[in-house]
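When a residue number appears, it is its place in the shown sequence, counting from 1.
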Amino acid sequence: MTPDNLIPALRDIVGAANVLTDDDCAEYESDWRQRVRGKALCVVRPGCTADVAAVVRACAQAGVSIVPQGGNTGLVEGSVPDASGEQVIMSLRRMQTVRAIDAANMTMTVDAGGVLQSLQDVASEAGMLFPLSLGAEGSCTIGGNLATNAGGTQVLRYGNARELCLGLEVVLADGQVWENLQGLRKDNTGYDLRNLFIGSEGTLGIITAATLRLYPQPAAQLTAWAAVPSLQAATALLALSHRHLSAALTGFEVMSQEGLRLVDTHYPHLRVPMWRETMWCVLLEASDSESEAHARAQFEHLLETAMEDGIVTDAIIAENIRQAHDLWHIRESITLAQAAEGPNIKHDVSVPISRIPEFVAQTDARLQALAPGLRLINFGHLGDGNLHYNVQPPAGADGAAFVAAHEAAIGDAVYQSVHHFGGSISAEHGIGALKRDHLPHYKAPVALQLMQTIKQALDPQCLLNPGRVLERRPGQMAR
Ligand code: FAD
Ligand code: 2HG
Ligand code: ZN
C-alpha cells in the first residue's frame with residue numbers, strides 16, 4: 001500500500017460515499033474557533049469498529065497518519081489536520097449506536113460518535129442521569145469527550161469524563177482492538193489502560209465505544225444567580241454552599257462583569273441579570289434527592305446566610321425549569337459572545353480554589369501592564385478551581401492584529417503565573433497543538449519523558465494525531 005492507492009483502499013472498506021475528498025472535506029478541516037485551517041488527504045467515515053480497525057491498518061501500511069475527529073468542537077486545535085494534504089481525518093460521527101443499557105448496573109454502552117446531548121436523552125428516557133454537561137453538548141461526541149477528558153458544569157459533584165467512564169473499546173495504532181466494556185467498578189488486574197486512553201487526545205488509540213456510569217435522576221433541580229462583590233466573596237460562597245448543600249451542590253460557576261457585558265452586547269434578548277451593579281456573578285445549581293420544596297428551603301437558607309455575611313449582595317432563584325434554562329443559557333453564551341466580538345485569546349487554567357483571588361489580582365495587573373486596555377473575560381467552573389481566563393483585545397482595537405502581536409507574551413505571563421500558584425495550564429480542554437509548545441515549560445521533564453515512552457510504545461510509527469500533545473520526535477515515520 002502506498003499513499004497513492006490508499007483512497008481506493010479506504011473506499012473498499014467504508015464505501016465510496018464515506019470517503020470525502022477535496023472541497024467536501026472543508027467543514028472537517030478547520031477548528032471551531034476558525035483559528036486554523038488544514039488540508040486533508042481525505043475524510044474517512046467508518047460505520048463500525050471493524051471499519052475503524054481496517055482503516056487504521058490500511059493507513060499504517062501506507063505510512064499515512066490519522067487525525068481522529070468527533071464533533072470538532074475542541075478548543076485546542078487537536079481535531080484538524082496540518083496543512084500538508086497528507087493526513088487522513090477519521091470522523092467517528094457515523095458511529096451512533098447505543099449498544100446496551102444495563103439498569104441494574106447503572107451503565108450504558110455506546111459507540112464513540114454518539115452526540116453528548118442525545119446520550120443524556122437516552123439516559124433520561126431510561127429514568128437515569130448521565131451528568132456530563134457542557135456548552136457544546138449539542139454537537140460534541142462522547143468519543144471526543146473521553147479523548148479530551150472533558151469537564152463541564154457538573155464536575156464538582158460527578159467528576160470529569162474520566163470519572164464517568166467504566167470501560168472503553170479502543171482501536172490501537174496497529175489495528176488491534178482492545179475491548180474493556182464489562183462495566184466493572186472494581187478491577188485491579190494491573191495497569192489502568194482505560195485511563196491511559198482517556199485524555200490522550202487521539203494520540204494513543206481511537207476510542208470506538210465506552211461504558212458510561214449512570215446516576216439516579218434528582219427529584220428536583222434548582223438554579224440560583226447571585227451577585228457577589230469580589231472573587232474572595234465568590235470563593236467564600238462556594239465554601240458556604242458546600243457546607244449547606246453538601247452533595248446536593250452540583251454546579252458553581254463564576255462570571256466576571258466583562259464577560260457578561262459581552263453577552264449583553266451581542267445577545268441583549270437574554271436579559272443578563274445584575275451584571276451592571278456588580279463585578280462578579282455566580283450561578284449555583286442544587287440537585288435534591290427529596291423534593292423541590294426541600295431544595296428551595298435549603299437554597300433560600302443558604303442565600304440568606306450569604307447575604308447576612310455580606311458575600312452576596314443580590315440573588316434570584318429560578319422559579320421554574322424555563323427560567324433555570326435561561327440562566328444557564330447566559331452562562332454558556334459567553335464563549336459565543338467572545339467569538340461574536342472577534343479574535344480573542346483563551347486560557348483554560350486551574351489553580352487551587354483558595355489561591356484564585358490572589359492569582360487573578362496578580363495576573364490581571366501583569367496583563368494590564370503588558371497590553372493596557374485589554375479586556376479580561378474571566379469566567380468558569382469556580383467549584384473546580386477552573387477559570388477560563390480569556391482575553392479580548394481593547395475595545396475598538398484591530399482584534400486580529402492585537403492577537404498576533406500579543407498572544408505569545410500574554411500566554412507566557414498567564415502560564416507563568418498559573419505555575420507560580422501551583423496550577424495547571426490546561427484544566428479541561430487539553431493540549432492539542434495550541435498548548436503543545438507551552439507544555440515542556442510547565443510539566444516535569446520526568447513526566448514528559450514518560451509520556452514520550454508511552455507514545456513510542458503504543459504508536460511507534462507516530463500514526464495517530466502526530467504533533468498533538470507532544471512534539472513529534474525525529475525518525476517517527478508516518479506523514
Ligand atoms: P473533537 O473536537 O472532534 O476532538 C477533540 C480531540 O479528541 C482531538 O484531539 C481529536 O483527535 C480527539 N478525538 C475525538 N474523537 C476521538 C475518538 N473517538 N478517539 C480518539 N480521539 C478522538 N470542554 C470542556 O471540557 N468543558 C466545557 O465546558 C466545554 N464547553 C465548550 C463550549 C463550547 C461552546 C465549545 C465550542 C467547546 C466547549 N468545550 C468544553 C470543548 C469541547 O467541546 C470538548 O473538548 C469536547 O470534549 C470535544 O468533543 P468533540 O467530539 O467535539 O471532539
Ligand atoms: C465553558 O466552560 C467552556 O464554557 C468554554 O469550557 C470556555 O470559551 C471558553 O474559553
Ligand atoms: Zn469550561
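Applying the side-chain hydrogen bond (donor to acceptor under 3.5 Å, both in side chains) criterion to Asp384, with sequence neighbours excluded, gives no partner residue. For Ser30, the side-chain hydrogen bond (donor to acceptor under 3.5 Å, both in side chains) partners at least two apart in sequence or on another chain are Arg37. His419 is linked by a ring pair (Phe, Tyr, Trp, His ring centres under 6.0 Å) to Tyr442, counting only residues two or more places apart in sequence or in another chain. Every residue was checked against the ring pair (Phe, Tyr, Trp, His ring centres under 6.0 Å) condition with Phe130, not counting sequence neighbours, and none meets it. Looking at residues two or more places apart in sequence or on another chain, you find a side-chain hydrogen bond (donor to acceptor under 3.5 Å, both in side chains) between Glu341 and His266, Arg375. With sequence neighbours excluded, the residues that form a ring pair (Phe, Tyr, Trp, His ring centres under 6.0 Å) with Tyr215 are Tyr158. Shown here are the ring pair (Phe, Tyr, Trp, His ring centres under 6.0 Å) partners of His388, two or more places apart in sequence or in another chain: Phe379, His381, His429.
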- Determine, stepwise, if the pair Glu137 / Ser133 fulfils side-chain hydrogen bond (donor to acceptor under 3.5 Å, both in side chains). CA-CA 6 Å; Glu137 63 198 19; Ser133 179; 3.1 Å; yes
- Task: Would you check, one step at a time, whether the test side chain to side chain contact (heavy atoms under 4.5 Å, CB included) holds for His242 with Leu156?
- Result: CA-CA 10 Å; His242 276 303; Leu156 91 167; 3.8 Å; yes
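Between the side chains of Ser79 and Asn72, at least one donor N or O lies within less than 3.5 Å of an accepting N or O. Between the side chains of Asn180 and Arg194, not a single donor N or O lies within less than 3.5 Å of an accepting N or O. Residues Glu258 and Asn378 bring no donor and acceptor atom of their side chains to less than 3.5 Å of each other. Side-chain N/O atoms of Thr211 and Thr109 include a donor and acceptor closer than 3.5 Å. Residues Ser124 and Gln120 bring no donor and acceptor atom of their side chains to less than 3.5 Å of each other. Between the side chains of Ser287 and Gln221, at least one donor N or O lies within less than 3.5 Å of an accepting N or O. No donor-acceptor contact under 3.5 angstrom links the side chains of Gln69 and Ser91, judged on distance only.
Listed by first then second residue, pairs satisfying salt bridge (charged side-chain N to carboxylate O under 4.0 Å, His left out) with a partner in residues 196-214 number zero, not counting sequence neighbours. The salt bridge (charged side-chain N to carboxylate O under 4.0 Å, His left out) contacts involving residues 239-256 comprise Glu253-Arg331, where partners must be two or more places apart or lie in separate chains. Applying the ring pair (Phe, Tyr, Trp, His ring centres under 6.0 Å) test to residues at least two apart or on different chains, the pairs with a partner in residues 321-370 are His347-Tyr415, Phe359-Tyr389, Phe359-Phe421. For residues 285-306, every residue pair satisfying the salt bridge (charged side-chain N to carboxylate O under 4.0 Å, His left out) rule, not counting sequence neighbours, is listed here: Glu292-Arg296.
For the pair Met108 and Asp102, the minimum side-chain heavy-atom distance is 4.5 Å or more. Between Met128 and Ile101 the shortest side-chain heavy-atom distance falls below 4.5 Å. Using a 4.5 Å cut-off on side-chain heavy atoms (C-beta onward), Trp225 and Met255 make contact. Annotation: side chain of Leu196 is not in contact with side chain of Tyr191 (no heavy-atom distance under 4.5 Å). The side-chain heavy atoms of Thr203 and Arg468, taken from C-beta on, include a pair separated by under 4.5 Å. Under the 4.5 Å side-chain criterion, counting only non-hydrogen atoms from C-beta, Met95 is in contact with Leu92. Using a 4.5 Å heavy-atom cutoff, the side chains of Asp348 and Leu75 are not in contact. The closest side-chain heavy-atom distance from Arg185 to Met106 is below 4.5 Å.
Judged purely by atom type and a 3.5 angstrom limit, Gln452 has no side-chain atom pairing as donor or acceptor with the backbone of Arg472. With hydrogens and angles ignored, the 3.5 Å screen pairs no side-chain donor or acceptor of Glu27 with any backbone N or O of Glu29. In terms of modelled atom types and a separation under 3.5 Å, the side chain of Asn344 and the main chain of Gly342 share a donor-acceptor contact. In this structure a side-chain-to-backbone donor-acceptor pair under 3.5 Å is missing from Asn160 to Glu428. No donor-acceptor pair closer than 3.5 Å links the side chain of Asn465 to the backbone N or O of Gly202. Of the possible donor and acceptor atoms, none in the side chain of Arg99 sits under 3.5 Å from a partner among the backbone N and O of Asp111. Of the possible donor and acceptor atoms, one in the side chain of Gln323 sits under 3.5 Å from a partner among the backbone N and O of Glu319.
Counting all heavy atoms, side chain and backbone alike, Gly78 lies closest to Val67 at O-CG1, 4.0 Å. When all heavy atoms of Pro352 and Gly422 are compared, the pair lying nearest together is CD-O, 3.8 Å.
Note on Asp459 versus Lys455: salt bridge recorded, some NZ/NE/NH1/NH2 to OD/OE distance being below 4.0 Å.
Rounding to the nearest 0.5 angstrom, the gap separating the OG atom in Ser241 from the CD1 atom in Ile311 is 7.5 Å. Taken from CG in Leu164 to CG in Asn145, the straight-line distance is 9.5 Å, to the nearest 0.5 Å.
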Less than 3.5 Å apart, which donor and acceptor atoms pair up between the side chains of residues 268-282 and the rest of the protein, not counting sequence neighbours?
residue: Thr278; atom: OG1; partner: Val228; partner atom: O; Å: 2.8
residue: Thr278; atom: OG1; partner: Trp280; partner atom: O; Å: 3.3

